[in-house]
Amino acid sequence: MTRTPVNVTVTGAAGQIGYALLFRIASGHLLGPDTPVRLRLLEIPQAVKAAEGTAMELDDCAFPLLAGVDIFDDATAAFDGVNVALLVGARPRTKGMERGDLLEANGGIFKPQGAAINAGAADDVRVLVVGNPANTNALIAQAHAPDVPAARFTAMTRLDHNRALSQLAAKLSVPVSAIRKMTIWGNHSATQYPDLYHTEVNGKIAAEQVEDGWLRDEFIPTVAKRGAAIIEARGASSAASAANAAIDHIHTWVHGTPEGDWTSMAVVSDGSYGVPEGLISSFPVVAKGGEWEIVQGLDINDFSRQRIDASVAELAEERDAVSSLGLL
Ligand SMILES: NC(=O)C1=CN([C@@H]2O[C@H](COP(=O)(O)OP(=O)(O)OC[C@H]3O[C@@H](n4cnc5c(N)ncnc54)[C@H](O)[C@@H]3O)[C@@H](O)[C@H]2O)C=CC1
Ligand SMILES: O=C([O-])CC(=O)C(=O)O
């Protein structure tokens, strides 16, 4: 193996997404079969021992691509030299917590992590925020990394995108490979808007192949509330599917979207589609050469406009809330 290992930092490494994620990174699914990786795991001090146990298991897999595993309880050390940062660790909402409390608690995590990325990350760093509220946590981290291009901070809506693909494939009895150009707009929350008006199934617009009632009253709420349905069924939030989506997100960003297709990523808005500049909102995105671009020129009908505006309004409220807490 002659290539220099890529440094991949994973926060919340001892959590349930971490457990589903690390083995796939180490086996080459994140960056490809020719790229060695060095894992840098960040945890809170109380969870370092559990992270050490996971590291022992990673050793026991004898992955040829795994160049090493280091464990940290300090963000500055964990992000030193990082090329790919997966920010998974976050404070979950507990009983009695209001959204503002959650935003404040997570601000305490993502502000110093953004500063640590600013201080020590490699020039090519790419950041994916998974921990909820993912879009706004990404905004906080990005705001504290002024020396890193804002485009390098993204948040995960790929799980929503994948959920939408599966729901549509099942409805039309087609394989997911028959579907192109799925889009999730807005926030990774119940207000997100999965848009079938540009999605193609076997080359024809999806919205024209399903009933309006299904699209509006079944498809959209099923995708948007899938996270809650998983918690209800499993007694714990999505972990393997979230880890899979994180792998997909980075793999697509680095290796590109297939010709004639796009993906969904929450990225810094440049004002496209009326989304205020600076918000981290999900868009249809193409990736090429390690860079992403928002797909331009799509016609947005009145129904889609309302849905996008509602989710973007929620993002603006979250931004204003963290701003008034001094987190931006
Ligand atoms: N964007 C998305 O599509 C999805 C996001 N999520 C979110 O991902 C996050 C993680 O989920 P799980 O792994 O299931 O949670 P978990 O509770 O099993 O694990 C979270 C881990 O983060 C660690 N942690 C907390 N603060 C930290 C800090 N400051 N630095 C480093 N580590 C820290 C905890 O010790 C814990 O080990 C949650 O916020 C969840 O809501 C989950 C599914 C999908
Ligand atoms: O809903 C949750 O808490 C976890 C999540 O983000 C998802 O599964 O989409």
Side-chain angles (χ1 to χ4, degrees), residues 9-22 40-55 71-79 82 85-94 97 99 102-117 127-138 140-141 154-164 166-167 184 186-192 194 221-250 264-266 280-282:
T9 299
V10 179
T11 76
Q16 50 152 5
I17 294 176
Y19 197 70
L21 184 59
L22 294 170
R40 301 172 71 81
L41 313 185
L42 177 64
E43 260 296 350
I44 54 173
Q46 308 88 286
V48 160
K49 190 155 188 284
E52 285 168 358
T54 305
I71 300 170
F72 304 90
D73 62 7
D74 172 70
T76 306
F79 289 115
V82 62
L86 302 174
L87 276 49
V88 179
R91 171 79 195 272
R93 196 202 297 240
T94 45
M97 243 179 147
R99 186 192 284 178
L102 187 69
L103 290 170
E104 189 168 12
N106 280 304
I109 295 174
F110 289 87
K111 187 172 164 176
Q113 290 185 0
I117 289 169
V127 183
L128 168 62
V129 176
V130 174
N132 280 321
N135 302 52
T136 297
N137 288 340
I140 294 169
T154 65
M156 190 165 92
T157 51
R158 185 61 173 266
L159 178 54
D160 312 296
H161 179 102
N162 288 344
R163 288 167 170 163
S166 283
Q167 293 298 323
I184 305 293
N187 200 1
H188 172 68
S189 76
T191 67
Q192 67 176 265
T222 299
V223 173
K225 295 181 188 162
R226 186 71 165 179
I230 299 284
I231 293 171
E232 177 67 27
R234 219 171 76 83
S237 65
S238 320
S241 56
N244 178 67
I247 298 267
D248 284 352
H249 177 114
I250 295 290
S264 303
M265 280 169 73
I280 296 194
S281 184
S282 189

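Counting starts at 1 for both ligands and their atoms, in listed order.
- Remark: Ser166 OG to His161 NE2 distance equals 10.0 Å, nearest 0.5 Å.
- Put simply, the side chain of Thr11 gets close to the backbone of Val88: a donor and an acceptor are under 3.5 Å apart.
- Around atom CD of Gln167, more than 12 heavy atoms belonging to other residues, nucleotides or ligands sit under 6.0 Å away.
- Judged purely by atom type and a 3.5 angstrom limit, Thr9 has no side-chain atom pairing as donor or acceptor with the backbone of Phe79.
- Against a heavy-atom cut-off of under 4.0 Å, Ser238 is close to the following atoms of ligand 2: 8 (O).
- Between the CG atom of Asn187 and the CG atom of Asn132 there is a distance of 9.0 Å, given to the nearest 0.5 Å.
- When side chains are defined from C-beta on, Val130 does not count as touching Leu86, because their heavy atoms never get closer than 4.5 Å.
- Evaluated by nearest non-hydrogen atom to atom 4 (C) of ligand 2, the leading choice among Asn132, Leu159, Ile17 is Asn132.
- Here the CG atom belonging to Asn244 is positioned 11.5 Å from the CD1 atom belonging to Ile17, to the nearest 0.5 angstrom.
- Within the 4.0 Å heavy-atom shell around ligand 2 one finds His188.
- Heavy-atom distances between Ile230 and ligand 2 stay at or above 4.0 Å for every pair.
- The atoms of ligand 2 that sit less than 4.0 Å from any heavy atom of Ile231 are 2 (C), 3 (O).
- The backbone N or O of Ile184 lies less than 3.5 Å from a partner atom in the side chain of Ser282, making a donor-acceptor pair.
- Side-chain contact of Arg226 with Ser241: a donor-acceptor pair under 3.5 Å is absent, judged by distance alone.
- Looking from atom 7 (C) of ligand 2 to the surrounding protein, the closest heavy atom is Arg163 NH2, 3.5 Å.
- Taking a heavy-atom cut-off of under 4.0 Å, ligand 1 is surrounded by Gly12, Ala14, Gly15, Gln16, Ile17, Leu42, Glu43, Ile44, Ala47, Val88, Gly89, Ala90, Ile109, Gln113, Val130, Gly131, Asn132, Met156, Leu159, His188, Ser237, Ser238, Ala242.
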